[in-house]
Amino acid sequence: MGLGKAEDYLSVIEYLLWVFTPLAVVFILPFLIVILLYLSILFLHVYKRKNQLKEAYCNNLWDGARKTLATLWDGHGAIWHGYEIHGMEKIPDEGAALIVYYHGAIPIDYYYFLASVILQKGRTCHSVADHIVFKVPGFKPLLEVFSVMHGPQEECVRALRSGHLLGISPGGVREALFSDETYPLIWGTRRGFAQVAIDARVPIIPMFTQNLREGFRSLGTLKFFRWLYERFRLPVAPIYGGFPVKFRTYLGDPIPYDPSISAVELADKVCGSRRSSPFIDQHQRIPGNVLRALLERFHTKHKEE
């Protein structure tokens, strides 16, 4: 009796597979073709820069590797997000500057920015990352090649005094997890970045990417995940998205070094109020909307227009 039921179940499963396999193939094959098309576009993007890559590898192995990865990330940004960067001329060709940016749920815009700096300026922007990043298995070579540091103030000042660009997000992991589509700054009383700029005597360049929270969002606004982080420092809030929304990175006017102001005053110049930033308000419709951000892939109207 049991054997007969098992045969009946197998017959049903076989029938369902026979019915639905063609349907599955019909839906899967177009996606495979789309993936192949995107890989082809990415290859062309790399091929277009082949002479730059050859020159980079001739000069230094890691320079070549950086430029190759930058080309791949630049291609990904162009294909998936129609990535644009406005104000690249404000990044100096030589000399130091501190780039202060808003931290998305995943800071993929910052990766695109680093790639643009390498390709357009021929410079490597040093970066400050949370200690958690340094504990990720296998990340050490990537962090070393792209000059990522944990970020004690002394090390940041040293990098800037050596003439490097340095990127830092004062909100860090907390902002990544707990900010939302209204784009609040979660900096608390963090003013160390301002003190670093004062000690190194360098300008601060604010940076923000439009629609960043519409690309990736976090469930960190749920009380349980906030409690986990505050209690155990576990950044486990799930992140979802990956939507191909329009990304535009804006670089603000440099805030020059001024020996007459304090770190508190300089921080206020950068972020405005502790809750929101006029720079963000200028470039982002609040609250953000995924559908609107997707539609922006098909037209070029900016908020400030």
Side-chain angles (χ1 to χ4, degrees), residues 77 81 83-92 96-114 116-117 121 125 127-128 156 160 165-176 178-198 202-217 245-258 261-289 292-293 296 300-305:
H81 292 290
Y83 182 71
E84 300 174 7
I85 185 163
H86 299 266
M88 182 59 88
E89 69 280 358
K90 296 170 185 176
I91 300 294
L98 181 64
I99 293 94
V100 176
Y101 63 96
Y102 171 83
H103 202 303
I106 294 178
I108 194 167
D109 64 312
Y110 185 66
Y111 308 155
Y112 298 153
F113 166 74
L114 293 179
S116 296
V117 170
K121 295 288 184 176
C125 180
S127 304
V128 176
C156 294
L160 289 167
L165 299 170
L166 178 66
I168 185 169
S169 173
V173 173
R174 190 181 297 274
E175 191 166 82
F178 307 127
S179 188
D180 57 27
E181 66 273 14
T182 63
Y183 291 85
L185 296 176
I186 305 180
W187 294 9
T189 58
R190 294 183 178 181
R191 304 184 184 97
F193 72 94
Q195 191 60 56
V196 164
I198 291 171
V202 299
I204 291 178
I205 301 174
M207 182 179 111
F208 172 73
T209 298
Q210 188 182 71
N211 298 325
L212 184 56
R213 284 279 162 182
E214 283 57 71
F216 292 90
R217 288 186 173 177
V245 300
K246 183 68 176 182
F247 278 175
R248 295 186 184 94
T249 290
Y250 294 94
L251 294 162
D253 293 328
I255 302 171
Y257 165 67
D258 183 350
I261 65 174
S262 67
V264 175
E265 293 170 321
L266 181 56
D268 287 342
K269 271 191 172 185
V270 176
C271 69
S273 71
R274 292 294 170 196
R275 178 65 183 171
S276 63
S277 163
F279 188 60
I280 293 177
D281 293 339
Q282 179 184 353
H283 298 295
Q284 179 66 49
R285 294 185 183 180
I286 296 175
N289 180 281
R292 183 176 64 228
E296 287 179 14
T300 56
K301 183 178 180 182
H302 300 192
K303 181 191 173 184
E304 64 271 22
E305 293 173 355

Q. Would a distance-only check, ignoring hydrogens and angles, find a side-chain to backbone donor-acceptor pair under 3.5 Å from Ser169 to Tyr101?
A. yes
Q | Any Arg248 side-chain heavy atom under 4.5 Å of His283 side chain | A | no
**Q.** Side-chain touch Tyr110/Ser127, heavy atoms, less than 4.5 angstrom
**A.** yes
Q) Any donor-acceptor pair under 3.5 Å linking the side chain of Lys121 with the backbone of Ile91? A) yes
Q: Determine the minimum heavy-atom distance between Ile99 and Cys125, stating which atoms define it.
A: CD1-SG, 4.3 Å
Q | Spatial distance of atom CZ (Arg190) from atom CD1 (Ile168) [nearest 0.5 Å] | A | 9.0 Å
(Q) Using every non-hydrogen atom in the two residues, find where Cys271 and Leu185 come nearest and quote the distance to one decimal. (A) CB-CD1, 3.6 Å
Q.
Taking the side chain as everything from C-beta on, heavy atoms only, tell me whether Pro107 gets closer than 4.5 Å to Leu212.
A. no
Q. Nearest heavy-atom pair of Met88 and Ile85: which atoms, and what distance?
A. CE-CD1, 3.5 Å
Q | Interatomic spacing from CD1 in Ile204 to CD1 in Ile198 - rounded to 0.5 Å | A | 7.5 Å
Q: For Glu214, enumerate each residue passing the side-chain hydrogen bond (donor to acceptor under 3.5 Å, both in side chains) test, keeping only those at least two apart in sequence or located in another chain.
A: Tyr183, Arg217
**Q.** From Tyr250, Phe113, Phe247, residue fulfilling ring pair (Phe, Tyr, Trp, His ring centres under 6.0 Å) relative to His86
**A.** Tyr250
Q. How far apart are the closest heavy atoms of Ala194 and Leu266, and which atoms are they?
A. O-CD2, 3.6 Å
Q. Would you find a donor on one side and an acceptor on the other, under 3.5 Å apart, between the side chain of His81 and the backbone of Lys246?
A. no
Q) What closest approach, in Å, do His103 and Glu175 show between heavy atoms, and which atom pair accounts for it? A) N-OE1, 2.8 Å
Q | Test applied, side chain to side chain donor-acceptor pair (under 3.5 Å); reference residue, Asp109; option that passes from Asn211, Thr209, Thr249 | A | Thr209
Q. What is the distance from atom CG of Leu251 to atom NZ of Lys90, rounded to the nearest 0.5 Å?
A. 7.0 Å
Q) Do Tyr83 and Ser116 meet the criterion of a side-chain donor-acceptor pair at a distance under 3.5 Å? A) no
Q. Between Phe279 and Phe208, does the ring centre distance come in under 6.0 Å?
A. no
Q) At what distance, to the nearest 0.5 angstrom, does CD1 of Ile286 lie from CG of Asp180? A) 9.5 Å
Q) Do the side chain of Ser179 and the main chain of Pro184 share a donor and acceptor less than 3.5 angstrom apart? A) yes
Q) Do NZ/NE/NH1/NH2 and the carboxylate oxygens of Arg213 and Glu181 come within less than 4.0 Å? A) no
(Q) Any heavy-atom pair between the side chains of Phe193 and Val128 that's under 4.5 Å? (A) no
Q. Minimum heavy-atom separation for Trp187 to Val100, with atom names?
A. CH2-CG1, 3.8 Å
